[in-house]
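Read the structure below first, then the notes.
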Amino acid sequence: MALSSQLRRLLRSSASVSSPPSSILRATFCSSPSSSAPAPNPPHLSSIIGDDTEVSNVPPLTTPKLFISGLSRLTTDEKLKNTFAPFGQLLEAKVIADRISGRSKGFGFVRYATLEEAENARQGMNAKFLDGWVIFVDPAKPRQQKPAPQPDTDSSHTGFTSNKTVGWCG
DNA sequence: GTTGAGCGTT
């Protein structure tokens, strides 16, 4: 069954999904009654505890491209597109599949026109169900650039190719 | 025929 493996996957990343009990964190900040501590730099508790912002404060996205992970292997591009379409204008929606086997790798990318749409889709579809699997929406990292910039064609015009292997005297 | 870590074929 897919549920068991999904549960295992959820257990792995439970740190970023489950909201930790705030009572424990607040208890940590309770200063001990021992007044021996001079506390030369009293911090503003309001800035530490914060408002209602949970520990996983969602920072604004810096890219309209989103990385969708946890996809079902049956989920395809269109399903992804239809799922993320209501959140904004999709410029791209693709499920990455292995070119050899042709099957999905279980993750994909969606790109919106603006950051707001991406933010909306992220907060709307993160840790939600798609094809029976819990998907995760995260900002995508810039794709691998071109590997070989090819600075110049060396050893083409000089003719100085060290063909002879340098043999170590050792 | 699916068994699950992670960032793409152009």
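Here salt bridge (charged side-chain N to carboxylate O under 4.0 Å, His left out) pairs that include residues 72-91 of chain A, with residues two or more places apart or in two chains, are K79(A)-D131(A).
Within a heavy-atom distance below 4.0 Å of DNA chain B, no residue of residues 76-84 of chain A is found. Within residues 96-110 of chain A, the residues approaching DNA chain B are I96(A), A97(A), R99(A), K105(A), G106(A), F107(A), F109(A), by heavy-atom distance under 4.0 Å.
Applying the ring-ring contact (aromatic ring centres under 6.0 Å, His included) criterion to F109(A), with sequence neighbours excluded, gives F67(A). Legend: residues meeting side chain to side chain contact (heavy atoms under 4.5 Å, CB included) with L74(A), ordered by chain and number and at least two apart, are S72(A). Every residue two or more places apart in sequence or in another chain was checked for a side chain to side chain donor-acceptor pair (under 3.5 Å) with E116(A), and none qualifies. Take A85(A) and apply the side chain to side chain contact (heavy atoms under 4.5 Å, CB included) test, not counting sequence neighbours, and it matches L90(A).
A straight line from CZ of R111(A) to C1' of dT10(B) spans 12 Å, rounded to a whole angstrom. Here dG8(B) presents its P atom at 15 Å from CG of D138(A), a figure rounded to the nearest Å. Look at NZ on K65(A): it is 21 Å from P on dG6(B), rounded to the nearest Å. Rounded to a whole Å, the CG atom of L74(A) is 11 Å from the C1' atom of dT3(B). Between W133(A) atom CH2 and dA5(B) atom C1' the separation is 13 Å, expressed in whole Å.
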Tell me which donor-acceptor pairs under 3.5 Å the side chains of residues 95-103 of chain A have, and how far apart each pair is, sequence neighbours excluded?
| unit_1 | atom_1 | unit_2 | atom_2 | d |
| --- | --- | --- | --- | --- |
| D98(A) | OD2 | I100(A) | N | 3.2 |
| D98(A) | OD2 | S101(A) | N | 2.9 |
| D98(A) | OD2 | S101(A) | OG | 3.2 |
| S101(A) | OG | R103(A) | N | 3.4 |

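Checked against dG8(B), dC7(B), dT2(B), the side chain of R73(A) finds its nearest nucleotide in dT2(B).
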